[in-house]
Amino acid sequence: MDEKLLKPYDPKATEDRIYKLWEESGFFNPDNLPNTDKEPFTIIMPPVNANGSLHAGHGLVMTIEDIMVRYKRMRGFKTLWLPGLDHAGFETQVVYEKKLEKEGRTRFGMDSKELYKEILDFTLTNSKNIKSQIKKMGASCDWSREKFTLDDDVIKTVYDTFKKMYEDGLIYRGNRIVSWCSKHQTSFSDLEIKDEEQVESLYYLKYGPFVIATSRPETKFGDKYVVMHPEDKRYLEYKDGQKINLEWINGPIEATVIKDTAIDMEFGTGVMTITPWHDNADFEIAERHSLPKEQVIDENGNLLPIAGEFAGQRIKKARPLIIEKLQTKGLVEKIDENYKHVVRTCYKCGTVIEPQIKTQWFVKMKPLAEKALEKINNGEIKYIPEHYKKITTYWLENIMDWNISRQIVWGIPIPAWFHEPKCVPKPGREKDMEKCREIIVGDKEPVCEFCDAKYTRDPDTFDTWFSSGQWPYVTLRYPDGKDFKIYYPTDILETGGDLVFFWIARMIMLGFYVTGKAPFKTVYMHGTVLDAKGLKMSKSKGNVIDPLVLTEKYGTDAFRIGMVVGNTPGTSLALSEDKIRGYKNFANKIWNATRFVLDNTKDLNYSGLTAGTVNYDEEDKKSEEELKALIKEITKEMDEYKFYIVAEKLYHYLWHTFADIIIERSKKKIAENKNADSAKALLYSQLTTLLKALHPFIPFVTEEIWSMIPEVKEKKLLMIEKWPL
RNA sequence: GCGCGGUUAGCUCAGUUGGUUAGAGCGCCUCUCUUACAAAGAGGAGGCCGGGGGUUCGAGACCCUCACCGCGCACCA
């Protein structure tokens with residue numbers, strides 16, 4: 001018997017060695033698996049942000065996906081789990097900006113190429129770290145197919161998609177209102193905005209004969225349109241288009257009455273003025289009535305010259321001063337200081353979002369969403385848990401166009417060129433001038449055939465989700481790659497519920513658009529990992545649990561099974577150290593049980609066992625049947641992704657049936673030499689069966705034990721043993 | 001405001017299409033170092049299944065309603 005068995009199980013001395021064994025076997029790569037003519041099973045790993053360390057959520061991802069993959073591999077599928085790392089555009093840039101801040105530097109004013117290179121170095125250094133951490137979790141993914149979101153072939157496919165969408169009219173360059181963060185100096189899509197409830201003041205201001213209510217007096221300098229509902233009886237005497245002269249913040253102005261049904265008659269006084277440059281709703285009204293739009297606040301959040309004496313001031317500081325001035329002019333009717341409303345903020349820094357009109361790239365989402373809706377509704381893509389389907393379809397039904405330009409350097413540059421200034425044709429070419437294209441999509445610098453002007457490249461980068469949204473077919477090398485033909489559509493997309501719109505819905509839309517097929521058949525959502533008290537982990541609260549600390553302390557197997565037991569899909573999980581500790585004992589329990597079994601089965605007749613000619617006594621026979629029934633049951637549950645229940649059942653069977661009953665019973669039989677052969681055969685048979693069934697959950701300790709079991713047949717790695725059905 | 005979850009043992013959670021005395025892990029209590037394992041064994045306590053109403057022979061599960069917790073969405077200035 002292996003001497004290691006005489007001491008308690010030592011994960012530290014085992015895990016790295018076992019992982020290396022797996023890696024060197026080549027079986028992470030499906031091309032090397034036996035019976036490769038089998039049906040494929042594919043999971044694309046959500047690319048891990050290369051800007052930090054593995055957190056508890058990653059620990060859950062790696063555990064669940066590895067369980068899925070190991071199970072399918074043992075069931076004989078041609079199993080591919082394709083790992084990836086994410087440059088994570090804005091996220092990483094924010095992390096790097098904080099680093100710069102600490103060093104007393106700032107990205108503004110830095111040469112963009114220089115900054116890009118710095119962040120790239122930072123990311124590549126981190127990548128190595130992250131990869132070793134993924135390995136630490138036991139992830140049996142195919143490193144030979146690893147992808148990084150900035151790989152050349154990734155960028156090429158993303159460019160092809162962008163071009164195709166542009167040519168299909170699904171991408172347009174629009175001068176529209178976008179959500180702007182004045183700290184990060186970039187625009188966002190709607191998803192990067194976090195709504196926050198705040199209590200502020202609602203100011204009732206006298207605007208000629210009207211009283212308007214506003215929470216943002218600092219935007220009101222240029223307001224020359226006063227809007228009310230056409231059916232509001234209080235204001236019937238005012239006609240659409242009517243001019244009114246009135247005294248405003250910085251002097252007399254001429255205002256125009258506009259009637260629009262967007263006005264809520266219940267709110268405030270039922271009258272408002274509009275600031276189309278800095279408010280979504282106002283923008284819409286201005287568009288409907290073809291009204292001019294004027295910028296009041298610059299990109300840094302300072303007031304522009306239109307604000308007169310307040311020009312150059314930050315809006316926050318200017319607000320009370322403006323109110324003071326209005327008060328002295330007698331233009332303040334009243335102030336409601338307890339006005340509770342929702343403020344849109346930057347999800348990263350909490351800065352209040354300042355809508356701005358900017359020329360950006362937008363994706364026309366309606367057609368894409370309609371296709372996705374059809375496919376999701378007809379069941380082509382299944383959601384686990386199912387209620388995420390409702391959440392998704394609701395979002396898709398109300399989808400807005402997607403701003404995909406970001407004013408940051410860390411990302412994939414947008415392949416577009418602008419003819420600026422406008423074309424001045426060479427002599428003799430004037431009549432062709434209208435053929436000159438102001439915007440050219442492509443990676444190569446274009447030349448204008450009518451004039452000598454050079455095109456300038458769009459300085460912006462893509463929203464990182466525009467490229468991640470193409471991940472399944474990009475990683476499998478659409479359109480001509482061998483892998484694409486074999487492994488696409490993939491089987492399962494496993495990720496956290498927070499990515500349901502950001503990533504999943506977009507992958508579905510882009511997947512159907514580009515490949516005509518679903519990118520995956522099933523979406524499996526795990527819940528958020530919370531701390532032991534059920535609170536969200538955050539650095540500021542100081543309750544962040546590092547999965548690597550737990551694996552170090554209790555072993556990866558204990559961590560993995562602790563993450564899975566009782567953790568139903570979609571439900572958040574309170575991660576407690578006690579639970580993990582409990583499963584450390586479990587790993588050791590198997591270890592010790594193995595010692596007993598091997599100690600007592602030295603003289604076992606293996607050939608009888610493999611041939612199935614063992615004569616079990618009545619109770620042992622019953623036990624064999626019981627385990628068979630259990631395996632059948634859990635196999636069904638594995639296929640239904642009920643890992644939380646399978647893990648618990650196996651735990652329970654091993655501890656309270658195999659150890660407590662079968663082992664105890666066998667002691668007597670062996671000691672008294674009564675039905676000893678039956679008992680020995682049963683011990684051996686049950687242990688090996690349980691090792692196989694437990695392997696997807698606790699791969700390290702089971703593989704280690706497997707290597708110690710003498711067997712007549714030539715032995716392979718447990719990871720490619722046949723599932724014991 | 002609309003939508004989606006949740007509320008079961010001290011804690012974290014299971015409980016499949018409604019069907020006997022409601023389960024697990026951890027924690028707690030008592031005893032035991034019995035030759036696989038004290039990281040253990042044997043035994044035990046602990047639950048009007050959030051409140052109220054209804055459907056049913058029968059409800060933790062189904063329907064209505066209320067309360068509380070969590071999350072998401074929204075252009076009410």
Side-chain angles (χ1 to χ4, degrees), chain A residues 1 5-9 177 190-191 193-195 202-205 212-217 219-220 223 227 262-275 278-285 339 341-342 344 355 385-395 397-398 400 497-498 500-501 527-528 530 532-536 554-555 558 561-562 565-568 570-600 636-637 640 642 644-645 647-649 651-652 655-656 659-660 663-664 666-667 671 683:
Chain A
M1 190 170 58
L5 274 176
L6 300 175
K7 290 179 192 156
Y9 173 58
I177 194 153
D190 304 292
L191 293 178
I193 306 306
K194 198 171 152 50
D195 291 348
L202 184 65
Y203 306 95
Y204 288 79
L205 308 177
I212 58 160
T214 181
S215 58
R216 303 205 54 198
T219 64
K220 300 277 138 198
D223 289 12
V227 193
I263 300 298
D264 179 357
M265 289 186 271
E266 310 285 311
F267 186 88
T269 56
V271 184
M272 70 174 199
T273 62
I274 56 166
T275 315
H278 301 290
D279 186 282
N280 294 303
D282 295 5
F283 179 87
E284 298 291 328
I285 293 172
Y339 174 55
H341 71 149
V342 168
R344 288 152 50 86
E386 222 184 325
H387 73 261
Y388 272 101
K389 181 175 157 178
K390 271 192 245 173
I391 296 174
T392 303
T393 53
Y394 182 81
W395 185 74
E397 280 159 8
N398 298 287
M400 283 179 277
D498 52 337
V500 65
F501 309 138
T528 324
L530 307 169
K533 288 178 201 148
L535 298 172
K536 229 177 202 158
Y554 305 109
I561 196 163
V565 171
N567 181 12
T568 45
T571 314
S572 58
L573 164 81
L575 176 58
S576 80
E577 200 166 327
D578 276 346
K579 194 174 171 188
I580 307 297
R581 192 186 310 124
Y583 290 109
K584 181 190 177 176
N585 300 351
F586 178 57
N588 198 48
K589 185 79 182 174
I590 305 170
W591 189 258
N592 288 321
T594 302
R595 186 198 304 173
F596 177 85
V597 172
L598 294 188
D599 218 13
N600 286 281
K636 184 167 171 278
E637 282 157 350
E640 292 166 351
K642 293 179 178 168
Y644 58 98
I645 194 96
E648 193 183 313
K649 278 183 181 170
Y651 174 98
H652 207 256
W655 202 306
H656 298 296
D660 291 351
I663 287 185
E664 289 307 317
S666 74
K667 284 179 187 169
L683 287 174

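Within every chain, numbering begins at 1; the chains are lettered A, B, ... in the order of the sequence lines, protein sequences first and strands thereafter.
For the pair A/Thr273/A/Asp282, no side-chain contact is recorded, criterion being any heavy-atom separation below 4.5 Å from C-beta on.
Distance, A/Lys589 NZ to B/C37 C1': 6 Å, rounded to whole Å. Across the protein-nucleic acid pair, A/Lys636 atom NZ and B/U17 atom C1' stand 11 Å apart, rounded to whole Å. When the C1' atom of B/A40 is taken as reference, atom CH2 of A/Trp655 falls 8 Å away, rounded to whole Å. In this structure, A/Tyr554 atom OH and B/A39 atom P are separated by 13 Å, rounded to whole Å. Remark: P of B/A77 and OH of A/Tyr339 are 3 Å apart, rounded to the nearest angstrom. Remark: C1' of B/C75 and CE of A/Met400 are 9 Å apart, rounded to the nearest angstrom. With rounding to whole Å, A/Glu648 atom CD is found 11 Å from B/C26 atom P.
Taken together, the paired segments of RNA chain B that extend over three or more consecutive Watson-Crick or G-U pairs, each closer than 3.5 Å at both contacts, are B:1-7 with B:67-73, B:10-13 with B:23-26, B:28-32 with B:40-44, B:50-54 with B:62-66.
Among the nucleotides B/A77, B/C75, B/A42, the one closest to the side chain of A/Asp660 is B/A42.
Remark: side-chain polar atoms of A/Lys579 are paired, donor with acceptor, to backbone N or O of A/Gly562 under 3.5 angstrom.
Considering only residues two or more places apart in sequence or on other chains, A/Lys667 meets the side chain to side chain contact (heavy atoms under 4.5 Å, CB included) condition with A/Phe596, A/Ile663, A/Glu664. With sequence neighbours excluded, the residues satisfying side chain to side chain contact (heavy atoms under 4.5 Å, CB included) with A/Glu397 are A/Leu373, A/Thr393.
At a threshold of 4.0 angstrom between heavy atoms, the contacts of A/Tyr388 with the nucleic acid are absent. A/Thr275 comes within contact range of no nucleotide atom at all, as no heavy-atom separation falls under 4.0 Å.
Phosphate contact (OP1/OP2 of B/A36, side-chain N/O of A/Lys667, threshold under 4.0 Å): present.
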